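Worksheet: the structure to be examined is printed underneath.
Side chains are part of it too, since the values below use all heavy atoms of this structure and drop only hydrogens, waters and symmetry mates. All figures in this text were calculated on a predicted structure; none of them were measured in a lab. Numbered from 1 within each chain, the chains take letters A, B, ... in sequence-line order.
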Protein chains: 2
Amino acid sequence: MSRRRRVTLTDVAVRAGVSATTASYILNGRSAQMRISTPTDERVRNAAAELGYRPNRSARSLRTATTTTIGVISDFVASGHYASQMLTGASAAARESDHLLMIGETEGDAALEERLIDEMLERQVDGILYATLTTRQVTVPQALLQQRVVLVNCIDPGSDLPAVLPDELQAGRTAARLMVDAGITSEVYAVGEDPTPGALSGALRLEGLRYGLEEAGGALAGVIPCDWDVVPARDAVSQWLCSGRMPRGFVCLNDRVAMGVYQALSERRLHVPDVAVVSFDGSDLATWLQPRLTSIAVPYDEMGALAMHRLVEPEGAARDLLAVATVPMVVGWGGSLPDRRAALSRLV
Amino acid sequence: MSRRRRVTLTDVAVRAGVSATTASYILNGRSAQMRISTPTDERVRNAAAELGYRPNRSARSLRTATTTTIGVISDFVASGHYASQMLTGASAAARESDHLLMIGETEGDAALEERLIDEMLERQVDGILYATLTTRQVTVPQALLQQRVVLVNCIDPGSDLPAVLPDELQAGRTAARLMVDAGITSEVYAVGEDPTPGALSGALRLEGLRYGLEEAGGALAGVIPCDWDVVPARDAVSQWLCSGRMPRGFVCLNDRVAMGVYQALSERRLHVPDVAVVSFDGSDLATWLQPRLTSIAVPYDEMGALAMHRLVEPEGAARDLLAVATVPMVVGWGGSLPDRRAALSRLV
DNA sequence: TGCTCGTGCTGATTCGATTCAGCATATGTT
DNA sequence: AACATATGCTGAATCGAATCAGCACGAGCA
């Protein structure tokens with residue numbers, strides 16, 4: 001666009017009256033070890049500033065074989081806050097180490113996924129964050145196996161790729177705790193069991209919930225299955241209530257389900273918190289419902305940040321293959337929990 | 001990671017028994033104009049496939065000064081579907097021309113914005129999509145003025161950068177039309193006027209709404225101001241209803257406002273559609289409310305795609321500076337509308 | 001005076017693909 | 001047979017920064 005050729009390192013060197021080599025050392029902060037004198041150092045820096053020098057990363061990348069760029073492969077970027085919250089966390093973490101993010105949305109299409117991965121590898125990304133919308137097990141494409149990769153919100157049982165997962169088990173136990181604290185240990189029903197193959201969050205949340213209730217001498221009274229959305233939940237619970245049962249609490253597997261439950265209760269002139277409702281996600285929706293919904297946040301932004309840190313951290317550092325992001329609501333918690341890794345491995 | 005050095009063009013050339021030059025021509029689809037024989041062409045392609053050759057884009061970029069990569073600068077990526085829907089549209093459009101997206105979230109911080117733009121320019125992006133969460137006027141950073149840039153959801157009155165904006169005027173008129181079709185031309189109130197400086201959508205929606213009602217011989221009865229969120233809208237409308245007025249319809253400036261209105265109506269035992277409610281955004285929320293909310297979708301994905309097309313389209317093509325994305329709900333519409341550009345210029 | 005050693009800087013090469021200019025060899029023309 | 005033309009390919013330069021190996025110069029020392 002601008003008619004003037006872009007400013008190169010040589011331009012800076014010429015203006016400062018030194019060689020490109022010297023300019024390179026100085027601008028890369030290697031003055032000290034290269035014994036560059038202070039006056040020269042300053043001359044070069046001034047020249048760079050005056051010319052508005054911006055290094056050409058393509059050239060640098062060619063030479064150093066690094067791009068300080070990370071690829072993010074995700075099945076869905078747009079759907080809800082999950083993916084984008086993760087992206088925000090990852091993006092912020094990337095910034096700490098001057099990395100930029102390159103994104104690719106696969107829409108669940110394996111061919112597209114391969115193409116996007118190829119494009120990223122051609123562009124020499126330094127690593128790839130492989131994320132999924134729902135917590136589940138996956139089989140990552142072959143091409144990724146010999147790359148630097150961290151999985152987010154999913155695990156690949158067939159590989160030893162490091163993964164970051166939310167601590168759904170603890171989240172489930174927190175839900176139980178909320179019920180117990182409200183004096184409710186019986187007639188608690190879960191809403192939204194999902195039998196999707198490979199899905200993990202529902203099963204883990206339920207397991208944590210069961211464990212937490214039993215810990216307090218209670219038990220989960222039952223599970224009302226339905227898809228994780230408002231209308232299916234409303235219909236399922238509405239019908240379930242027709243049977244005349246009188247629940248004391250509902251634990252909804254996400255906030256949209258909870259909204260459906262609110263509606264179903266309202267239809268029968270039942271009110272929250274006469275019937276207690278607890279849910280998972282901590283989305284905005286929870287603050288919009290009346291009365292406000294108690295919801296357990298899944299820290300997607302933390303997960304993104306954690307994954308990014310693992311990805312850019314110096315190689316060889318001792319580290320777990322499985323990182324489990326904590327759930328913020330869990331504070332000052334005592335007592336033991338069935339081993340998380342064991343719980344996971346039972347499921348996969 | 002893999003101990004084997006990456007496969008280069010020369011490796012392919014050697015295996016096929018030709019020069020790197022020839023291999024380059026063939027793999028870039030220039031066999032015909034370079035008069036490469038079919039057997040040679042095939043030998044090279046086979047060699048590339050067998051070795052799993054992946055061109056090094058850094059090298060290509062250095063030589064050609066293009067990266068087939070587009071930067072997206074956005075104030076917020078995570079907040080709601082707006083930004084991410086735009087991103088999805090842009091991403092899909094980018095794929096058509098084999099471009100990849102590099103993202104940067106500025107969080108509304110000007111210094112961070114400049115840094116991200118710098119990082120992107122260093123990485124030689126071929127163009128930049130500059131997007132905002134809310135439709136408003138902006139002043140883009142100096143550094144962008146001599147780059148290939150398209151604005152999305154905002155305009156910069158101080159520059160002649162091309163922009164893609166939603167057709168909020170038409171959207172407002174559509175809202176009016178929905179009311180009129182329901183037989184309502186009086187006692188219609190708008191909810192959510194916002195006086196944020198630089199904001200455009202509210203004012204344009206209102207203008208279109210007024211125009212549409214007057215067109216049908218009616219008029220907008222009034223405006224209830226409040227922030228564009230559930231609780232403020234609920235409170236504002238709840239209080240407004242206390243005054244004993246009996247509205248026939250509410251036009252809410254977004255879906256969250258509409259949810260607040262539903263709640264306020266419900267408190268006073270008023271029911272939709274006895275009081276008609278129309279809203280803007282077409283978010284999932286609209287389908288969750290009971291009864292389903294009539295909402296006018298803003299096509300953020302289309303806007304992203306449109307902007308991306310403008311960005312990668314061959315230079316010099318005749319084109320408007322101001323592209324206005326259509327609102328999908330507007331179909332087979334007759335009649336004229338006050339000039340959009342004029343309406344915009346009145347506001348900026 | 002001759003020697004080593006530290007200081008401050010530079011020339012030349014490299015990364016991998018693109019691309020201009022051109023070189024053999026075969027084919028056709030008169 | 002002499003010459004033009006087409007065919008099929010290649011050598012070398014290039015993009016811009018990073019980096020290895022080393023050079024000139026002066027100080028310090030015997």
Rounded distance in Å - [atom1] ([X]) to [atom2] ([N]):
X        : N       : atom1 : atom2 : answer
Gln33(A) : dG6(C)  : CD    : C1'   : 17 Å
Tyr25(B) : dT18(C) : OH    : P     : 10 Å
Arg54(A) : dG16(D) : CZ    : C1'   : 16 Å
Arg35(B) : dC9(D)  : CZ    : P     : 10 Å
Leu9(A)  : dG16(D) : CG    : C1'   : 8 Å
Arg30(B) : dT10(D) : CZ    : P     : 16 Å
Arg63(A) : dA18(D) : CZ    : P     : 10 Å
Leu62(B) : dA17(D) : CG    : C1'   : 8 Å

Phosphate OP1/OP2 of [N]: any [X] side-chain N/O under 4.0 Å:
X        : N       : value
Asn28(A) : dA17(D) : no
Tyr53(B) : dA17(C) : yes
Thr21(B) : dT10(D) : no
Arg60(A) : dA18(D) : yes
Thr22(B) : dT10(D) : yes

Q | Val18(B) side-chain proximity, nearest of dT10(D), dC9(D), dT14(C) | A | dT10(D)
Q) Of the nucleotides dT19(D), dG16(D), dG16(C), which has the atom closest to the Thr8(A) side chain? A) dG16(D)
Identify whether any heavy atom of [X] sits under 4.0 Å from a base atom; if not, whether one sits that close to sugar-phosphate; answer base, sugar-phosphate or nothing.
X        : result
Thr64(A) : sugar-phosphate
Ser37(A) : sugar-phosphate
Ser58(B) : nothing
Ser61(B) : nothing

Q.
Can you confirm whether Gln33(B) is buried at CD, in the sense that more than 12 heavy atoms of other residues, nucleotides or ligands lie under 6.0 Å from that atom?
A. yes
Q.
I'd like to know if the side chain of Asp301(B) reaches the main chain of Gln85(B), judged simply by a donor and an acceptor atom lying under 3.5 Å from each other, with no hydrogens or angles considered.
A. no
Q: Determine yes or no for a side-chain-to-main-chain donor-acceptor pair under 3.5 angstrom, with Ser31(B) supplying the side chain and Ile36(B) the backbone.
A: no
Q: Tell me yes or no: between the side chains of Asp98(B) and Thr68(B), is some donor less than 3.5 Å from an acceptor?
A: no
Q) Starting at the 5' end of DNA chain D and moving along, which residue's nearest nucleotide shows up first, Pro55(A) or Arg43(B)? A) Arg43(B)
